[in-house]
Amino acid sequence: MKKQCITVTLILILILSLSLAGCAKDLPDVEDVPMAGDHAVFDYEQLKDHAKIIAKIEVTDSLSQENSFTLNDPETGSMGGFYGKRTGRVLEYYKDSTGEFSEELSFIEAAAIVDDRYLHIEGYESLKKGNEYVVFLSDGTASGDMSIISCNNGVVRLNPEEKHMNYPEIAERAAEESSISF
């Protein structure tokens, strides 16, 4: 009887190990590299005024090496910055001063995957495919592309597992003005 229990236990451990190894293939094997960075922190009214677009979106892609970019110093070749170019399906617009009101948005975030390293501003986590967010976007970048304003300050994370990254006053006011429930 004892031998059968040990055999069954070993078989279960083997099955679990193999199934967990299969799950690991779905995630990129990258080193987490949080980077120190400075960004302005806005209150809700300042964010609202500064944003060209405020929208509730569902992210339609994952951060990858293909949609990650570095900014390199032309003289030294050393990396001076990084960003991810992401996309999201618009679920609802709250503001669009561009007048485009497109069904899909492309925007920059402060995270990238470069050379098997997940680079991100300390305290900021990349938006996740399939999750919903309210994003405050501005075109105040050197490229003129839309970008999330001030890392987590310009994102309201609507999924409960990410709620701890919200600025409470921003999330509260966004919920009041847009009838979003958290």
Side-chain angles (χ1 to χ4, degrees), residues 19-37 39 41-42 44 47-48 51-71 79 81-96 102-139 141 143 145-175 177-182:
S19 64
L20 289 175
C23 292
K25 283 191 265 182
D26 297 340
L27 300 173
D29 186 23
V30 295
E31 176 188 358
D32 185 9
V33 182
M35 309 288 276
H39 58 275
V41 176
F42 298 101
Y44 182 75
L47 266 178
K48 199 166 110 175
K52 296 264 179 154
I53 294 175
I54 304 171
K56 180 179 178 184
I57 63 165
E58 177 185 347
V59 174
T60 56
D61 65 353
S62 296
L63 185 65
S64 67
Q65 294 203 85
E66 289 75 33
N67 62 5
S68 296
F69 304 92
T70 59
L71 304 169
M79 185 174 62
F82 57 87
Y83 64 93
K85 185 109 179 195
R86 305 298 303 279
T87 58
R89 181 173 59 89
V90 177
L91 303 174
E92 189 171 353
Y93 275 102
Y94 306 114
K95 176 182 180 181
D96 185 356
S102 60
E103 292 179 19
E104 187 173 270
L105 289 174
S106 177
F107 56 91
I108 294 171
E109 74 170 332
I113 296 178
V114 178
D115 298 329
D116 294 325
R117 295 178 301 154
Y118 168 52
L119 308 174
H120 58 98
I121 299 297
E122 197 169 27
Y124 180 79
E125 290 297 326
S126 178
L127 304 184
K128 296 184 180 12
K129 182 178 181 177
N131 284 3
E132 294 180 2
Y133 304 91
V134 174
V135 291
F136 294 77
L137 304 176
S138 170
D139 61 357
T141 59
S143 66
D145 291 329
M146 288 292 170
S147 68
I148 296 172
I149 299 172
S150 295
C151 294
N152 285 331
N153 188 214
V155 176
V156 177
R157 295 167 185 267
L158 302 177
N159 291 63
E161 71 273 5
E162 295 180 306
K163 192 174 180 176
H164 68 280
M165 288 182 265
N166 284 336
Y167 279 72
E169 184 258 343
I170 305 298
E172 206 172 276
R173 291 286 306 275
E177 290 198 13
S178 61
S179 69
I180 296 170
S181 58
F182 296 100

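Sequential numbering from 1 along the given sequence is applied to the chain's residues.
Applying the side chain to side chain contact (heavy atoms under 4.5 Å, CB included) criterion to Asp139, with sequence neighbours excluded, gives Lys52, Met146. Partners of Tyr124 according to the ring pair (Phe, Tyr, Trp, His ring centres under 6.0 Å) rule, which considers only residues two or more places apart in sequence or in another chain, do not exist here. Partners of Ser64 according to the side chain to side chain donor-acceptor pair (under 3.5 Å) rule, which considers only residues two or more places apart in sequence or in another chain, are Glu66, Asn67. Residues satisfying the salt bridge (Lys or Arg N to Asp or Glu O under 4.0 Å) test with Lys129, not counting sequence neighbours, are none. A search for salt bridge (Lys or Arg N to Asp or Glu O under 4.0 Å) contacts involving Glu125 returns nothing, not counting sequence neighbours. Residues satisfying the side chain to side chain contact (heavy atoms under 4.5 Å, CB included) criterion with Ala112, sequence neighbours excluded, are Ser68, Phe82, Val114. Contacts of Thr60 classified as side chain to side chain donor-acceptor pair (under 3.5 Å), with partners at least two apart in sequence or in another chain: Thr87. Every residue meeting the side chain to side chain contact (heavy atoms under 4.5 Å, CB included) condition with Glu169, not counting sequence neighbours, appears here in chain and number order: Asp43, Tyr44, Arg173. For Phe69, the side chain to side chain contact (heavy atoms under 4.5 Å, CB included) partners two or more places apart in sequence, or in a different chain, are Tyr83, Lys85. By the ring pair (Phe, Tyr, Trp, His ring centres under 6.0 Å) test, Phe42 pairs with His50, sequence neighbours left out. Partners of Tyr118 under the ring pair (Phe, Tyr, Trp, His ring centres under 6.0 Å) rule, at least two apart in sequence or in another chain, are His120.
Sparse packing is recorded around CD of Glu103, with 12 or fewer heavy atoms of other residues, nucleotides or ligands lying under 6.0 Å away.
Here Leu91 contributes atom CG and Ile57 contributes atom CD1; the two are 8.0 Å apart, rounded to the nearest 0.5 Å. Atom CG of Leu137 sits about 9.0 Å away from atom CD1 of Ile54, to the nearest 0.5 Å. We find the CG-CE distance between Asn153 and Met165 to be 14.5 Å, quoted to the nearest 0.5 Å. Atom CD1 of Ile170 sits about 6.5 Å away from atom CZ of Phe136, to the nearest 0.5 Å.
Applying the salt bridge (charged side-chain N to carboxylate O under 4.0 Å, His left out) test to pairs two or more places apart or on separate chains, none has a residue in residues 113-122.
In summary, the side chains of Glu58 and Asn131 do not present any donor paired with an acceptor at a separation below 3.5 Å, with no hydrogens or angles considered. No hydrogens or angles considered: a donor-acceptor pair under 3.5 Å links the side chains of Glu109 and Ser126.
A salt bridge between Lys56 and Glu132 is present, with a side-chain N of the basic residue lying under 4.0 Å from a carboxylate O of the acidic one.
When atom types are taken as modelled, the side chain of Thr141 and the backbone of Asp145 share a donor-acceptor pair closer than 3.5 angstrom. Between the side chain of Arg86 and the main chain of Ser106, no donor-acceptor pair closer than 3.5 Å is present. A donor-acceptor pair under 3.5 Å links the side-chain atoms of Lys95 to the main chain of Ala51, judged by distance alone.
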_Working note: Tyr93 + Ser102, criterion side-chain contact (heavy atoms from CB on, under 4.5 Å); need CA distance, chi angles, decisive distance, verdict._
CA-CA 10 Å; Tyr93 275 102; Ser102 60; 3.7 Å; yes

*Output, in order, the C-alpha distance, side-chain angles, deciding distance and verdict of side-chain contact (heavy atoms from CB on, under 4.5 Å) for Leu127 and Arg157.*
CA-CA 9 Å; Leu127 304 184; Arg157 295 167 185 267; 4.0 Å; yes

*asked:* Between Val156 and Tyr133, is the side-chain contact (heavy atoms from CB on, under 4.5 Å) condition met? List the steps.
replied: CA-CA 6 Å; Val156 177; Tyr133 304 91; over 6 Å; no

